[in-house]
**Q** 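Below is the structure I would like to discuss, written out as structure tokens.
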Amino acid sequence: MIAVKNLKKSFENLEVLRGVDLNIEKGERVVFIGPSGSGKSTFLRCLNLLETPTSGEILFDGVSMTDPKTNIDEMRQRMGMVFQHFNLFPNMTILKNLTLAPVRTKHLTREQAEKKALELLRRVGLEDKAGGYPAQLSGGQKQRVAIVRALCMDPEVMLFDEPTSALDPEMVGEVLDVMKELAHTGMTMVCVTHEMGFAREVADRVLFLDEGRILEQGSPEEIFNHPQQQRTRDFLNKVL
Amino acid sequence: MEQYAAWKAMIVAGESTTAWQKFYVFFYQAFLENDRWQQYLSGVGTTLLVTLFALMLGVVLGVLVAIVRTAHDQQRPGRHNPVLGFFNSVTKVYVTVIRGTPMMVQLLIMGFVIFASSRDYVTVGALTLGINSGAYTAEIIRGGLMAVDQGQMEAGRSLGMNYTDTMRFVVIPQAVKAILPSLGNEFIVLLKDTSLISVIGGKELLYAARGVVSRTYEAMYPYIGTAVIYLVLVMLFTWLLSIFERRLRASDRR
């Protein structure tokens with residue numbers, strides 16, 4: 001579904017990604033782990049072109065994301081993204097946050113969008129917040145709303161950029177629960193996270209990224225219990 | 001009236017007069033004789049009109065310039081729109097020239113060089129002030145747009161909305177709140193700067209005062225009176241703006 005070929009990205013003189021190759025199948029749940037500065041977030045942001053790759057190719061369903069002729073807005077409508085800092089729109093009610101994009105991109109009519117938004121809110125237990133503003137929500141609630149906002153576009157793949165890193169520890173669970181539930185629906189997911197428990201439980205494949213390269217990849221069992229690389233072992237020893 | 005004539009004669013003759021008599025004579029002479037207060041009043045009218053026109057022109061120009069510059073800066077690397085690049089250079093020159101030269105010089109150039117044949121000094125003055133204000137307003141607006149968290153634009157774009165929609169529904173509404181206090185300040189600066197158009201013959205408040213001074217050879221009362229009128233106007237608008245801002249802030253605590 002997503003094919004990445006020799007992806008490189010530099011900021012000024014800093015080479016963040018030094019050639020990443022990856023194929024993600026439909027329905028696959030891929031989790032990226034690695035030390036900070038290893039390029040995990042940059043890689044994820046390259047997938048929907050929030051960062052423009054310096055070189056390399058990204059194919060989504062066979063369409064090149066980096067081709068200037070590709071309508072990037074249409075491609076992004078098929079990929080949901082959840083950010084570390086939620087990035088809800090503070091000037092709108094929760095419901096408006098959820099329906100703005102589907103309505104403006106003509107993905108759904110206003111009635112359809114509101115119906116869908118309320119249904120999804122109910123599923124994450126926040127339907128009573130529809131009329132409220134983001135400032136009235138806790139961090140965990142904000143992130144659940146942010147996930148719902150992405151889902152309102154009916155994406156084919158969901159990208160999670162450290163979705164629990166900015167949360168109080170007690171709120172991490174509620175967000176992970178929503179993500180696990182999403183995983184059970186068969187959604188294709190690409191996650192950058194420091195939640196090793198989540199990676200172990202949900203991931204089909206875990207990738208260890210270090211200094212802009214995929215150093216090691218495999219099933220959670222392989223990576224967490226039998227890491228091949230010394231660097232991976234060191235990292236896991238520190239975080240587990 | 002008769003009292004004014006009598007006391008004025010005493011002052012002219014150099015006879016000793018009380019402070020009250022002096023005040024009465026000079027005040028009467030500066031504001032009441034020949035219904036001079038009407039000149040000040042119509043001057044205030046012109047001042048307000050020029051301020052309003054200049055503010056509107058300034059905001060329109062400022063929004064255009066800010067949009068061009070922000071859109072240019074936010075283009076994806078490797079995707080440079082040459083038309084946008086051209087307009088961006090134009091706006092850069094505009095902002096640099098306007099901010100880099102004194103308003104008084106701009107007025108003199110507009111009044112006596114570019115529109116030398118025009119006799120409509122007020123309009124020329126208002127136009128100059130508007131163009132001047134536009135450069136400052138543009139920077140205020142650009143600052144407001146840049147102050148909105150970059151994550152807001154990213155969130156909008158990641159949902160598949162285009163640049164224009166994301167700006168319109170997400171970024172601009174949040175920027176407006178940040179901009180309004182500075183814009184109010186710009187309005188007050190403009191109000192005071194209208195006094196400069198008297199140098200090209202615009203008949204605003206200071207022009208009226210100068211006319212009175214040149215006829216009575218007495219500067220203190222017309223000029224201090226003018227200062228008081230400006231002060232009252234500015235205090236009035238500051239008060240109105242503070243009420244407006246309080247209302248805006250109230251909506252934050254929803």
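Lettering follows sequence order; numbering is per chain, from 1.
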**Q** If contact means a heavy atom pair closer than 4.5 Å, which residues of residues 145-170 of chain B contact chain A?
**A**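 Hits under 4.5 Å: B:Asp149, B:Gly151, B:Gln152, B:Glu154, B:Ala155, B:Gly156, B:Arg157, B:Ser158, B:Leu159, B:Gly160, B:Met161, B:Asn162, B:Asp165, B:Arg168, B:Phe169, B:Val170.
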
**Q** Is A:Met79 in contact with chain B via its backbone, its side chain, both, or neither, using a 4.5 Å heavy-atom distance?
**A**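 Just its backbone gets close to chain B.
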
**Q** Answer yes or no: does atom CZ of B:Phe244 have more than 12 heavy-atom neighbours from other residues, nucleotides or ligands under 6.0 Å?
**A**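 Result for CZ/B:Phe244: open.
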
**Q** Please classify the contact between A:Phe83 and chain B as side chain, backbone, both or neither, with a heavy-atom cut-off of under 4.5 Å.
**A**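 Side chain of A:Phe83 only, per the 4.5 Å heavy-atom cut-off to chain B.
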
**Q** What part of A:Arg78 gets within 4.5 angstrom of chain B, counting heavy atoms only: side chain, backbone, both, or neither?
**A**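 Neither part, no heavy atoms under 4.5 Å.
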
**Q** For each of A:Lys96, A:Arg149, A:His85, tally heavy-atom pairs with chain B at distances under 4.5 Å, and name the one with the top tally.
**A**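 Result: the option with the highest number of such pairs is A:Arg149.
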
**Q** Out of A:Thr105, A:Leu100, A:Asn48, which one racks up the most heavy-atom pairs below 4.5 Å with chain B?
**A**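 Option with the top pair count is A:Leu100.
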
**Q** For the CE atom on B:Met56, are there more than 12 heavy atoms of other groups (residues, nucleotides or ligands in this structure) within a distance under 6.0 Å?
**A**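 Correct, the count exceeds 12.
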
**Q** If you count every heavy atom of other residues, nucleotides or ligands that lies below 6.0 Å from B:Lys92 atom NZ, does the total exceed 12?
**A**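 Counting other residues, nucleotides and ligands, NZ of B:Lys92 stays at 12 neighbours or fewer.
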
**Q** Below 4.5 Å from any heavy atom of chain B, which atoms of A:Ile72 appear? Answer side chain, backbone, both or neither.
**A**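 Contact with chain B is through the side chain of A:Ile72 alone.
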
**Q** Would the number of heavy atoms belonging to other residues, nucleotides or ligands and lying under 6.0 Å from OH of B:Tyr223 be above 12?
**A**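 Yes, because the 6.0 Å sphere around OH of B:Tyr223 holds more than 12 heavy atoms from other groups.
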
**Q** Is it the case that over 12 heavy atoms from other parts of the model lie below 6.0 angstrom from the CD atom of A:Glu211?
**A**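 12 or below, so no.
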
